Amino acid sequence: MRARTLLLAGGGLLALAVSVAVAVTIGPAHISTADVWTSVAAHLGPGDSTLPPLRDGIVWNLRMPRTLLAAVCGAGLAVCGAVMQSLLRNPLADPFVLGVSSGASTGAVAVVVLGVGGGAVSLSAGAFVGALLSFGLVLLLSHVLGGTTDRVVLSGVAAMQLFSALTSFTVLTSADAETTKGVLFWLLGSLSGAGWDDVALCAAVLVLVLAVCLGHAGTLDAFAFGEEAAASLGVRVARTRLVLLCATALLTAALVSCAGAIGFVGLVLPHAARALTGSGHARLLPVAALSGAVFLVWVDTLARTVIDPQEVPVGVVTSLIGVPAFVAVLYRTRRQG
Amino acid sequence: MRRPGTGARPGPVAPPGTGAPPEPAVPPEPAVPPGPGTAAAGVLPTGHGAADGGEPAEEGPAGATGLRAERVGRRTGGRLIVDGVTLAPRTGETVGLLGPNGSGKSTLLRLLAGVLAPSAGVVTLDGLPLPRVGRRATARRVAAVEQHAHTQTELTVRDVVALGRIPHRRPWSAASAADARAVALALDRTGLTDRAGQSWHTLSGGERQRAQIARALAQEPRELLLDEPTNHLDIQHQLDLLDLVAGLPVTTVIALHDLNLAAMYCDRLLVLRAGRAVAEGTPAEVLTPDLIERVYGVRAEVTHGPGHPVVRFLRR
């Protein structure tokens, strides 16, 4: 059992490292793996890069942060999805089920289209604040409505609808064509603007939230038979739920504010990971994180190369792959029922 | 061959490494001073819904051992579901909870498990109110089996039983050898060892109940609470399951519908009606035609043979 876990973790890390290294070489400008190593070694170690500045810039300033942000987003979304599905006992829950992504889009649109903050506030910051506001509204609503799990989900649906409507309204009434296109691209999820500061922020939040979730791994297992069963196994249900909802909402907000709402990773990857590890969260969460990271690295590579030189929003590609997987999940739950 | 490992008769076998010290069976509490027919720890006299505003029963169950409900009440949506019930099972005995549908049996069990907070009265464990004992510490002592266990998660029988170890584990720690031992023992005792790797979803109703009981045993409790565990089982599985439960070396409180099964397997019975305790005592004391008619509204004959009484219902 333990050997299998180590094998999965080791194999996953190796696959991730290889994926990142290879993905960075793919693109319109021809870059070799050796160039990647040279550039990374130069930036991490002493001495200057021996690459021409342009090639070095492509590796270190463009493709590397983008690929790493894809890995961090994939990992984070998969972990949030796994936690949400277990906590809300709903196989179709995903990181956006609590309206976080819709709130983020409203926040971003408020900044970009309406000019809230007078230019001092970045799109990312606006999205982050919007995401947290929406999540706060969901918590408040679900508390007022009775605090049970289904009320949390329903409050999330309500918030999602509300903020989507606000976003659409704002865009349709106030934005010009160019802004609309930019906002749309971001709504669908895109890693095109990734910089090192995005990577650092998201990675830091990911590590923190992953640690919190792993600390609750046993507690999450206890939710398998419902909240009352969890309570009789010694879990302080309300407190645990609040801590985990806040942690995952924080991570989702950070990811969405940097890369937009990349759908389906958080819905489908946890199910795939469960098929590998079984339902124990101590193994599920790390494996979900690694598989989500590898998945999104490749999907983003596909998104930026498939109709060169145009770029497809990565959310579109995840959805094109995700929809068949989503149907498969539904099919599986139908058989169980 | 379906019969679970009933090898463990009311044995002194305590799970190894349990907290359960071989506490010499507490002498049958000299509960109440030689009073008029009052049962242990002031359960209501067999009188009809009497004792309500009553005398301040012994406050502060100092030195009390085990799980104990003191005049607990639970109000939900303005309705009293449980109303001033006192229950103090003696160490090692099996107490049957009887009463019609909606009489408050399940709610009383949830109060005892600490899953619900009483709106009146207090549930104590070794004299300490449950909120002060703490959730995890309570779960290491008191295990509960719900009426319906349902999950969408893909779990093996072993996974389900291993859930019982959660209150014994600390965050960040992997399963220990003691965890593995407790799970193996619980599987063995419930006759599920062969099925440990099987999916929970492929089990029959009786096997699911046994898996839940195994999960409860993996908690290494000293008190076990069961809510109508024989529901929907055929008679063979009902008897198998109750044999298993009665043979466990723990104090058990079990809600039952079948009066004859209750008479066969319980040491004492507590009868609820509309949330109130209306009778308490041995099966022979409690199961009288008069009480059955009053509580369930049906006529019955009770034969007192050797051993337990037998109830025979009469047509109207």
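Naming convention: chains lettered A, B, ... in sequence-line order (proteins, then strands); numbering from 1 in each chain. All values derive from a computational prediction rather than experimental measurement.
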Nearest-0.5 Å distance, [atom1] of residue [X] to [atom2] of residue [Y]:
| X | Y | atom1 | atom2 | answer |
| --- | --- | --- | --- | --- |
| B/Arg169 | A/Leu233 | CZ | CG | 11.5 Å |
| A/Phe223 | B/Thr153 | CZ | OG1 | 12.0 Å |
| A/Ser86 | B/Gln152 | OG | CD | 11.5 Å |
| A/Ser232 | B/Ile166 | OG | CD1 | 10.0 Å |

ask   = Quick one: of A/Gly218, A/Ala230, A/Gly215, who has the most non-hydrogen atom pairs under 4.5 Å with chain B?
value = A/Gly215

inquiry  = Let's test your reading of the structure: which of A/Ala211, A/Gly226, A/Gly280 forms the most heavy-atom pairs below 4.5 Å with chain B?
reply    =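 Looking at each of A/Ala211, A/Gly226, A/Gly280 in turn, A/Ala211 comes out on top.
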
Would you say that more than 12 heavy atoms from the other residues, nucleotides or ligands in this model lie under 6.0 Å from the [atom1] of [X], or not?
| X | atom1 | result |
| --- | --- | --- |
| B/Arg158 | CZ | no |
| A/His143 | NE2 | no |
| B/Arg136 | CZ | yes |

inquiry  = Between A/Ala222 and chain B, with a heavy-atom cut-off of 4.5 Å, which part of the residue counts as in contact: side chain, backbone, both or neither?
reply    = both

ask   = Can you name the closest pair of heavy atoms from B/Val115 and A/Glu228 and give their distance?
value = CG1-CG, 3.2 Å

ask   = Considering all heavy atoms of both residues, which atom of B/Glu146 and which atom of A/Ala229 are nearest to each other, and what is their separation?
value = OE2-CB, 3.5 Å

ask   = Just by distance, do the side chain of A/Ser279 and the backbone of B/Leu155 share a donor-acceptor pair under 3.5 Å?
value = no

Which answer fits [X], side chain, backbone, both or neither, if we ask what part of it has an atom under 4.5 Å from a heavy atom of chain A?
| X | value |
| --- | --- |
| B/Arg165 | neither |
| B/Arg140 | neither |
| B/Ala149 | both |

key: Side-chain heavy atoms of B/Gln212 within contact of A/Phe225, under 4.5 Å   = yes

